[in-house]
Amino acid sequence: MSEQTFEVIVIGSGIGGMCAAALLARQGYRVLVVESLPRLGGRCSTLVYRGFRCPTGAIGIEIGGVIQDVFRAVGSELDVRPAGPPHYIIDGKICHVPEKGGFRSLISAATDDRAEVERVLGAISEALRSTESLRPLTLKEWISQHTSNESVFGIFHAMVSATMAATLDEVSAHEYFVYLKKLKGFRDWGFCPQGSIALPEALARVVLSWGGQVWTRSLATRILSENGVAQGVVIEKDGEEIRVPSSVVISNCGPKKTAQMAGPDNMGAAYMRAMERTLRPAALLIIQIASDVPLLETSYLLVTKSRRINTVIQPTTVCPELAPPGKHLILAGGGPPTSTGPMNWQEEITFCMEDLRDLFPGFSENTEVLLTGVFHGDLPGMHSLPGRDMPWETPITNLYNVGDGVKESGLVCLPAAANSGLLVAKDVQTRLAARG
Ligand SMILES: Cc1cc2nc3c(=O)[nH]c(=O)nc-3n(C[C@H](O)[C@H](O)[C@H](O)COP(=O)(O)OP(=O)(O)OC[C@H]3O[C@@H](n4cnc5c(N)ncnc54)[C@H](O)[C@@H]3O)c2cc1C
């Protein structure tokens with residue numbers, strides 16, 4: 001076993017890991033990022049396939065939020081082009097969402113009953129004012145208190161399924177309304193013209209320029225600890241096993257895998273039990289499509305009352321660079337009926353395809369499926385459903401988790417993972433500074 005030393009080792013180059021790594025490198029700490037794959041970014045990366053820049057996960061990047069804060073703090077540019085406003089399809093009709101009064105226009109499209117519109121809108125305002133009182137209710141239970149209109153349920157389902165990878169009975173009303181309060185709206189999202197891999201690659205350049213290292217094709221196999229304090233990581237690289245000592249270890253592999261690498265006995269029985277009780281991987285489906293013609297007028301469509309499809313995203317509307325000239329890249333996202341139960345994934349994809357043929361006349365003639373993806377279990381859409389997260393601290397001193405299994409309430413997806421990296425980097429700085 002050969003030896004090298006770093007102050008901080010980050011296991012995994014997902015957005016959570018890269019945000020933490022870049023922030024700490026920028027603060028002058030000697031940082032090593034280890035990534036098992038040949039490519040950076042995890043579920044925020046890009047595969048070039050037949051000339052299309054296909055995402056490995058995230059395509060929509062939040063603008064003006066925590067990701068931008070991290071980029072600013074490390075002195076890097078975030079090249080994201082605004083996606084423009086979303087549209088909904090409600091009972092077969094396209095509904096434009098205005099900048100103000102979005103809920104009013106959506107609920108009005110779902111029902112002609114004026115009293116019902118006012119009742120639901122009043123309930124939404126009240127819920128946004130007093131999120132605490134909603135804790136015992138699932139979102140489905142909350143909606144049922146105010147309407148039985150299937151189209152209204154459909155609107156909420158499309159939002160929750162597309163953004164939280166959850167069904168209405170898998171997310172609490174509290175978590176949903178805290179999220180809505182923090183959300184600035186889909187208008188503040190966009191796409192990277194070079195693909196989502198531009199984000200981790202930009203952060204990796206920061207790590208390198210501040211004296212850190214980034215090792216791809218390097219698998220972390222063990223997290224070392226002694227007397228309850230992290231000591232470093234064992235890494236398989238170029239067929240060799242390397243023991244790399246460090247003061248701090250930050251894992252971006254999800255809390256479960258972190259515990260396996262650190263050893264369940266070292267994490268303690270109470271932590272292992274809490275993790276078993278808490279974490280619920282969130283499942284999602286994705287179909288990546290090449291099209292000769294645009295399927296959408298804009299770039300974002302939320303779909304209600306379908307079998308499975310909840311979103312159709314056409315990033316080439318604003319970023320034609322993502323496809324060969326004259327072609328469009330379309331991402332159709334779907335939600336299975338449950339994130340947690342057993343299911344037949346082939347059947348799920350079949351339902352998605354049926355939805356797409358119903359939504360777009362001529363779909364079969366103009367399009368070709370490039371890739372299909374099913375994210376669940378150990379490779380989930382999110383490491384846990386919103387509101388079912390572990391803390392980023394672990395029972396081992398100086399061992400942290402970052403990523404979408406340790407989300408702060410009200411944040412999901414990339415912003416949640418980036419935020420965990422930001423919080424962990426702050427804590428590490430404080431601890432290392434106190435140690436002198
Ligand atoms: C299909 C899909 C679509 C999505 N769309 C969006 C979207 O449009 N917008 C949005 O904001 N979010 C979206 N998300 C969610 C978003 O992609 C994730 O929340 C986010 O990327 C998770 O980042 P993370 O920090 O948890 O790291 P991850 O992406 O999970 O990365 C972890 C990294 O660790 C590496 N690793 C694991 N184990 C080891 C080991 N032992 N040694 C070395 N390396 C290791 C992995 O290879 C991986 O690269 C989507 C997710 C999916 C699946």
Side-chain angles (χ1 to χ4, degrees), residues 9-21 32-45 54-63 65-67 80 83 162-165 183 186 188-192 196-197 199-200 203 214-223 233-237 249-258 260-262 281-288 299-300 310-311 313 315 331-335 371-376 378-384 386 389 392 401-407 411-421 424:
I9 298 178
V10 177
I11 307 172
S13 67
I15 200 68
M18 289 315 299
C19 286
L32 168 66
V33 177
V34 276
E35 169 55 56
S36 57
L37 297 176
R39 151 194 93 242
L40 297 178
R43 287 168 288 153
C44 178
S45 196
C54 299
T56 57
I59 183 77
I61 316 287
E62 189 192 33
I63 300 172
V66 62
I67 300 174
V80 180
T163 56
M164 297 182 142
L183 186 76
F186 281 105
D188 299 324
W189 289 71
F191 311 110
C192 286
S196 306
I197 196 171
L199 269 67
L203 296 170
V214 178
W215 299 352
T216 53
R217 300 176 199 270
S218 302
L219 177 76
T221 54
R222 257 182 316 136
I223 295 168
V233 180
V234 177
I235 299 162
E236 279 177 16
K237 183 175 189 285
V249 177
I250 299 174
S251 170
N252 193 197
C253 311
K256 254 192 188 158
K257 212 163 163 186
T258 306
Q260 279 159 15
M261 284 196 287
L284 59 82
L285 313 154
I286 193 95
I287 302 188
Q288 308 210 20
S299 53
Y300 241 132
N310 50 43
T311 0
I313 303 176
L331 293 324
L371 301 164
T372 57
V374 169
F375 291 82
H376 67 115
D378 286 343
L379 182 63
M382 274 193 291
H383 272 295
S384 205
D389 291 272
W392 39 263
N401 276 301
V402 290
D404 62 13
V406 293
K407 301 183 292 297
L411 290 177
V412 294
C413 296
L414 290 177
N419 184 58
S420 71
V424 165

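Numbering of ligands and ligand atoms starts at 1, following listing order. This one's a predicted model, so the numbers in the text were calculated from it and none came from an experiment. In this chain, numbering begins with 1 at the start of the sequence shown.
- Here the side chain of Ser218 pairs no donor or acceptor atom with the backbone of Lys237 at under 3.5 angstrom.
- For atom 52 (C) of ligand 1, the closest heavy atom belonging to the protein is Gly57 CA, 3.7 Å.
- For atom 41 (N) of ligand 1, the closest non-hydrogen atom of the protein is Ala220 O, 3.0 Å.
- Here atom 5 (N) of ligand 1 lies nearest to Ala58 when heavy atoms of Gly333, Gly421, Ala58, Gly41 are compared.
- Looking at Gly405, Cys413, Pro55 and measuring to atom 15 (C) of ligand 1, the nearest heavy atom belongs to Cys413.
- Distance alone, capped at 3.5 Å, is enough to place a donor-acceptor pair between the Ser420 side chain and the Gly403 backbone.
- Among Asp404, Asp378, Leu40, Ile286, the residue whose heavy atom sits closest to atom 22 (C) of ligand 1 is Asp404.
- Using modelled atom types, one side-chain atom of Ser13 and one backbone atom of Gly41 make a donor-acceptor pair closer than 3.5 Å.
- An N or O contact shorter than 3.5 Å links Gly60 to ligand 1 by distance.
- A donor-acceptor pair is defined here as one N or O able to donate and one able to accept, closer than 3.5 Å; no such pair exists between the side chain of Lys256 and the backbone of Asp378.
- By the 3.5 Å distance cut-off applied to N or O atoms, Ile59 is counted among the residues near ligand 1.
- Considering only non-hydrogen atoms, atom 51 (C) of ligand 1 lies nearest to Gly381 out of Gly381, Pro200, Gly403, Cys44.
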